[in-house]
Q: 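This is the structure I have questions about; it appears just below.
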Amino acid sequence: MSAHRIATLLRDQPLGTTVTVNGWIRTRRDAKGFSFLEVNDGSCLANLQVIVEASLPNYEAEIARLATGCAVRVIGELASSPAKGQAVELKASEITVYGWADPESYPLQKKRHSFEFLRTIAHLRPRTNSLGAVARVRSTLAHAVHDFFRERGFFLVHTPIITTSDCEGAGEMFTVTGLDLDQPPKREGRVDFSRDFFGRRTSLTVSGQLEAEIYALALGNVYTFGPTFRAENSNTSRHLAEFWMIEPEMAFCDLADDIDVAEALLKHLVGCALTECREDLGLFARFIDQGLIARLENVLARPFIRLPYSEAIEQLKVSGHDFEYPVAWGLDLQSEHERFLTETIFKQPVVVIDYPKAIKAFYMRQNDDNRTVAAMDILFPGIGEIVGGSQREERYEVLLARLTDAGLPLADYQWYLDLRRFGSARHAGFGLGFERIIQFVTGMANIREVVPFPRTPGSAGF
RNA sequence: UCCCAGGUAGCUCAGUCGGUAGAGCUGGUGGCUGUUAACCACCCUGUCGGGGGUUCGAGUCCCUCCCUGGGAGCCA
């Protein structure tokens, strides 16, 4: 049964034609001798208004009992609407009820709910205007990510979910095991992972970066876009234990090139949302964040500020602002510092580069000053860090020294060092948290609303 | 994980000095109406987050655990 999608009908408005629509009832309003139904099929934010005359055979028995949430098929003629509020409406000639929804027990009401409550009914929340809009934006942007890289000749690499490598500094990892947790094999008092499924301890990936480097040094430009897992006990509006990350890795590329790509990607995604998701963004601009559209356009308006860490420290110092945490060269930037840079000083995205090497990961390329590394963080107003990246250390001896200084087991990184022994080349990459960009684009305050089924400490329902 | 604020009807919340609970909305019934978060009238709904304690008596005070929100840390 091929049905018409409401988004298409509202766009093309084929007046006078008979169409079939499958969807869910949002509300029913009764008038004298007929009823109004609002039907939504998920294809767009807008509902289709359906006019049902009381003369339909199942009017008394079924139509008059339709309530929010019922699944229906409507066949009828599309006509221009005589009243304000909608351009077209569907004059029903036949309505079939696929599935009832008892209004006494159906949790969704035809009024606004708190996002907190909707989270407890994650199986029903995509049927709301706002969560449905988020889902459409998320899908659109996921495709836009692939479009962006494909147009630029990047290859998509599927890096492993189960891994033995620990991308240092990326946080706590979830262990993956097939062992009987009630009776784990032990050796010298500790769990003996050599008898586990893979013969050694394995975890869920915290980053595909190291594996992406392998493919960048073979195919040139590559990217990964997949789930990422962090076992950090983070309880904030911008952290998930399971999230999706985009990680490009580019050979023969330095930090400046890296930032160029990241900036272009962010602008591509924001621009794409503005042009392809206008109706859904309109909902967010009305009910979530009045300044949303202006903030998105501000991102596209001019080049991002590129600011060396040392200058950022100076800017913060001379601002005269009284910060809770100290500002000094060598200390990491705190949230309040990042926010002050993007929201008060520059009022636009800021890329901080060349951080002290002591506060950054071992794989970041050491600069000639011997005290900073070619790292960059892109800070967005309201979101904070949205991208973190660096030029990678491609020099064998320097990398070896960094690994040794960090006290990391060299045996585990032999293959990583090998990349620097055989045909090494400068390369760079970054990580973009997919949910963070969706948060920015939709204005949603909590990251748990921009992923269908959020996994956070103490919560993995559905 | 730390600091702060919360958890009361299906939802959003009020509840005074400790005396076993209310409102609006939703829903139901009736009316009205080319309506559109419809409108008008009436009606239903409670393990006051879980456990323990103080007290003649606890939604209210104390302890503890769980969860949520805001901020912080960690990061994307």
Side-chain angles (χ1 to χ4, degrees), chain A residues 26-39 46-53 65 67-69 79 81-86 89 91 101-121 124 128-129 167-172 206-209 225 227-247 262 266 286-287 324-325 332-336 338-339 359-361 377-380 383-389 430-440 445-448 450-451 456-459 461:
Chain A
R26 283 295 176 77
T27 76
R28 189 195 85 233
R29 293 180 296 272
D30 297 326
K32 198 172 185 64
F34 65 103
S35 292
F36 297 96
L37 302 177
E38 296 276 344
V39 177
N47 303 324
L48 180 64
Q49 176 164 286
V50 177
I51 311 297
V52 197
E53 297 290 342
R65 289 170 48 218
T68 307
S81 179
K84 286 181 185 170
Q86 60 284 316
E89 61 189 25
K91 294 195 173 303
D102 174 20
E104 297 264 16
S105 49
Y106 186 62
L108 288 174
Q109 303 169 174
K110 51 181 181 184
K111 60 167 199 167
R112 292 177 74 181
H113 285 292
S114 66
F115 289 119
E116 198 178 325
F117 168 69
L118 291 176
R119 240 177 266 150
T120 68
I121 49 167
L124 297 171
T128 63
N129 286 337
C167 199
E168 181 255 357
E172 296 292 312
V206 292
S207 167
Q209 180 202 316
F225 183 7
T228 307
F229 308 87
R230 306 263 168 100
E232 290 290 332
N233 191 6
S234 295
N235 293 288
T236 79
S237 57
R238 53 192 181 283
H239 286 87
L240 292 166
E242 176 183 296
F243 63 100
W244 287 65
M245 187 154 63
I246 298 142
E247 295 180 286
L266 289 167
R286 265 198 315 277
F287 295 115
E324 190 182 341
Y325 287 87
D332 209 353
L333 296 176
Q334 303 293 312
S335 284
E336 58 169 344
E338 296 179 346
R339 257 189 282 119
I359 58 174
K360 288 292 182 182
D377 283 351
I378 300 184
L379 311 177
F380 263 31
I383 296 282
E385 185 180 341
I386 197 164
V387 163
F430 62 85
L432 166 63
F434 187 51
E435 284 78 9
R436 295 239 174 120
I437 187 69
I438 300 173
Q439 255 192 294
F440 182 76
N446 198 309
I447 200 166
R448 297 168 202 208
V450 300
V451 64
T456 52
S459 175

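Chain letters run A, B, ... following the sequence lines, proteins first, then strands; residues in each count from 1.
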Q: A/Arg339 CZ to B/G73 C1': how many Å, rounded?
A: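 To the nearest whole Å, that distance equals 13 Å.
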Q: Going by the rule salt bridge (charged side-chain N to carboxylate O under 4.0 Å, His left out), which residues pair with A/Glu247 if we only count those two or more places apart in sequence or in a different chain?
A: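 Testing A/Glu247 for salt bridge (charged side-chain N to carboxylate O under 4.0 Å, His left out), a comparison that skips the adjacent residues, returns none.
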Q: Between A/Ile447 (CD1) and B/G69 (P), how many Å, whole number?
A: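 Taking CD1 of A/Ile447 and P of B/G69, I get 13 Å after rounding.
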Q: Please identify each residue that fulfils ring-ring contact (aromatic ring centres under 6.0 Å, His included) with A/Phe434, with sequence neighbours left out.
A: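 Only A/Phe225 meet the ring-ring contact (aromatic ring centres under 6.0 Å, His included) criterion with A/Phe434.
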Q: Select base, sugar-phosphate, or nothing to describe what A/Gln49 touches, counting heavy atoms under 4.0 Å on all strands.
A: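 Touches a base.
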Q: Look at the side chain of A/Pro82 and decide which nucleotide, out of B/G71, B/G34, B/G69, has an atom nearest to it.
A: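 Nearest nucleotide to the side chain: B/G34.
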Q: Only Watson-Crick and G-U wobble pairs, only distances under 3.5 Å, only runs of 3 or more: what stems does that leave for RNA chain B?
A: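 Correct response: B:1-7 with B:66-72, B:10-13 with B:22-25, B:27-31 with B:39-43, B:49-53 with B:61-65.
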Q: If I pick the C1' atom on B/C4 and the same atom on B/C40, what distance separates them, to the nearest angstrom?
A: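 It works out to 46 Å between them.
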Q: Expressed in whole Å, how much space separates the P atoms belonging to B/U1 and B/U64?
A: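 It comes out at 16 Å once rounded to the nearest Å.
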Q: Taking the C1' atom in each of B/A23 and B/C44, what is the distance between them to the nearest angstrom?
A: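 The answer is 16 Å between these two C1' atoms.
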Q: Write down the distance between CZ (A/Arg28) and P (B/G34), rounded to a whole number of angstrom.
A: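 So the CZ-P distance, A/Arg28 to B/G34, works out to 16 Å.
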Q: Please work out if A/Leu240 contacts a base, only the sugar-phosphate, or nothing of the nucleic acid, heavy-atom cut-off 4.0 Å.
A: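 Base contact.
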Q: CD of A/Gln439 versus C1' of B/C75: gap in Å, rounded?
A: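 Answer to the nearest Å: 13 Å.
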Q: What's the gap between B/C11 and B/C65 when it is taken at their P atoms, as a whole Å value?
A: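 27 Å, rounded to whole Å.
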Q: Between A/Leu333 and A/Arg119, which is nearer to the 5' end of RNA chain B once each is assigned its nearest nucleotide?
A: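 On the 5' side of the pair lies A/Arg119.
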Q: A side-chain contact here means heavy atoms from C-beta on lying under 4.5 Å apart; do A/Leu266 and A/Phe380 qualify?
A: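 Counting from C-beta outward, A/Leu266 and A/Phe380 do come under 4.5 Å.
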Q: If I pick the C1' atom on B/A9 and the same atom on B/U47, what distance separates them, to the nearest angstrom?
A: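 Looking at atom C1' only, B/U47 and B/A9 are 13 Å apart.
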Q: Each nucleotide in nucleotides 27-33 of chain B should get exactly one letter: B, S or -. Can you fill that in based on protein heavy atoms under 4.0 Å?
A: SS----B
Q: Who passes side chain to side chain contact (heavy atoms under 4.5 Å, CB included) against A/Ser114, sequence neighbours left out?
A: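 Here the qualifying residues are A/Glu116, A/Phe117.
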Q: Check whether the side chain of A/His239 and the base of B/C75 form a donor-acceptor pair under 3.5 Å.
A: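 Such a pair is found, so the answer is yes.
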Q: For nucleotides 1-4 of chain B, print each protein N/O atom paired with a nucleotide N/O atom at under 3.5 Å, atom names and distance only.
A:
from	atom 1	to	atom 2	distance (Å)
B/U1	OP1	A/Asn233	ND2	2.1
B/U1	O5'	A/Asn233	ND2	3.4
B/U1	O4	A/Asn233	O	3.4
B/U1	O4	A/Asn235	N	3.3
B/U1	O4	A/Asn235	ND2	2.9

Q: Partners of A/Thr27 by side chain to side chain donor-acceptor pair (under 3.5 Å), sequence neighbours excluded?
A: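 Once residues adjacent in sequence are excluded, the partners of A/Thr27 under the side chain to side chain donor-acceptor pair (under 3.5 Å) criterion are A/Arg29.
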Q: Can you name the residues that form a side chain to side chain contact (heavy atoms under 4.5 Å, CB included) with A/Ser335, not counting sequence neighbours?
A: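 Only A/Arg238, A/Arg339 meet the side chain to side chain contact (heavy atoms under 4.5 Å, CB included) criterion with A/Ser335.
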Q: By nearest atom, which of the nucleotides B/G69, B/C74, B/C11 is closest to the A/Lys111 side chain?
A: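 Selected nucleotide: B/C11.
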Q: Go through the structure and list residues passing side chain to side chain contact (heavy atoms under 4.5 Å, CB included) with A/Thr128, not counting sequence neighbours.
A: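 By the side chain to side chain contact (heavy atoms under 4.5 Å, CB included) rule, A/Thr128 matches A/Leu108, A/Leu118, A/Ser130, A/Leu131.
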Q: A/Glu324 near the nucleic acid: base, sugar-phosphate alone, or nothing, with a heavy-atom cut-off under 4.0 Å?
A: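 Answer is nothing: A/Glu324 stays at 4.0 Å or more from every strand.
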Q: Can you list the residues that meet the side chain to side chain contact (heavy atoms under 4.5 Å, CB included) rule with A/Asp332, with sequence neighbours excluded?
A: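 Once residues adjacent in sequence are excluded, the partners of A/Asp332 under the side chain to side chain contact (heavy atoms under 4.5 Å, CB included) criterion are A/Tyr355, A/Ile359.
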Q: OP1 or OP2 of B/A38 versus the side-chain N and O atoms of A/Arg29: is any pair under 4.0 Å?
A: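 Affirmative; the distance criterion is met.
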Q: So, does A/Arg448 get its side chain near the phosphate of B/G69, meaning an N or O under 4.0 Å from OP1 or OP2?
A: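 Yes, within the criterion.
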Q: Would you mind classifying the nucleic acid contact of A/Thr228 as base, sugar-phosphate or nothing, using non-hydrogen atoms under 4.0 angstrom?
A: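 No contact.
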Q: Base, sugar-phosphate or nothing for A/Glu38? Non-hydrogen atoms, less than 4.0 Å.
A: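 Base contact.
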Q: Taking side chain as C-beta onward, heavy atoms only, is A/Leu240 less than 4.5 Å from A/Thr456?
A: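 SC-SC contact between A/Leu240 and A/Thr456 confirmed.
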Q: Return the set of residues passing salt bridge (charged side-chain N to carboxylate O under 4.0 Å, His left out) with A/Glu385 (not counting sequence neighbours), or none when no residue passes.
A: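 In terms of salt bridge (charged side-chain N to carboxylate O under 4.0 Å, His left out), with neighbours along the sequence ignored, A/Glu385 is linked to no residue.
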Q: Can you tell which of B/U35, B/A38, B/G10 lies closest to the side chain of A/Gln109?
A: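 Of B/U35, B/A38, B/G10, B/G10 is nearest to the side chain of A/Gln109.
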Q: Measure the distance from CZ on A/Phe117 to C1' on B/U68 and round it to the nearest whole Å.
A: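 Rounded to whole Å, this separation is 14 Å.
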Q: So which one's nearest nucleotide on RNA chain B is more toward 5', A/Val387 or A/Tyr106?
A: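 Of the two residues, A/Tyr106 wins.
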Q: Rounding to an integer number of angstrom, what distance separates B/G19 and B/A58 when you compare their C1' atoms?
A: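 Approximately 10 Å lies between the C1' atom of B/G19 and that of B/A58.
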Q: Please name the pair of heavy atoms, one in A/Pro107 and one in A/Ile121, separated by the smallest distance, quoted to 0.1 Å.
A: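 Nearest pair, atom of A/Pro107 first, then A/Ile121: CB-CD1, 4.0 Å.
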Q: Using the ring-ring contact (aromatic ring centres under 6.0 Å, His included) criterion, which residues pair with A/Phe36? Sequence neighbours excluded.
A: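 So A/Phe36 forms a ring-ring contact (aromatic ring centres under 6.0 Å, His included) with A/Phe34.
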Q: On a heavy-atom basis, which atom in A/Arg65 and which in A/Arg28 lie closest, and how many Å separate them?
A: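 That would be C-NH1, 3.7 Å.
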Q: Could you give the distance separating B/G46 and B/G15 at their C1' atoms, to the nearest angstrom?
A: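 B/G15 and B/G46 have their C1' atoms separated by 14 Å.
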Q: Measure distances between side-chain N and O atoms of A/Glu89 and base N and O atoms of B/G34, and say whether any donor-acceptor pair falls under 3.5 Å.
A: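 Indeed there is one.
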Q: Base, sugar-phosphate or nothing for A/Ile51? Non-hydrogen atoms, less than 4.0 Å.
A: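 Base contact - A/Ile51 has a heavy atom under 4.0 Å of at least one base atom.
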Q: Suppose you measure atom C1' in B/C13 against the same atom in B/U68; what distance do you get, rounded to whole Å?
A: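 These two C1' atoms come out 16 Å apart once rounded.
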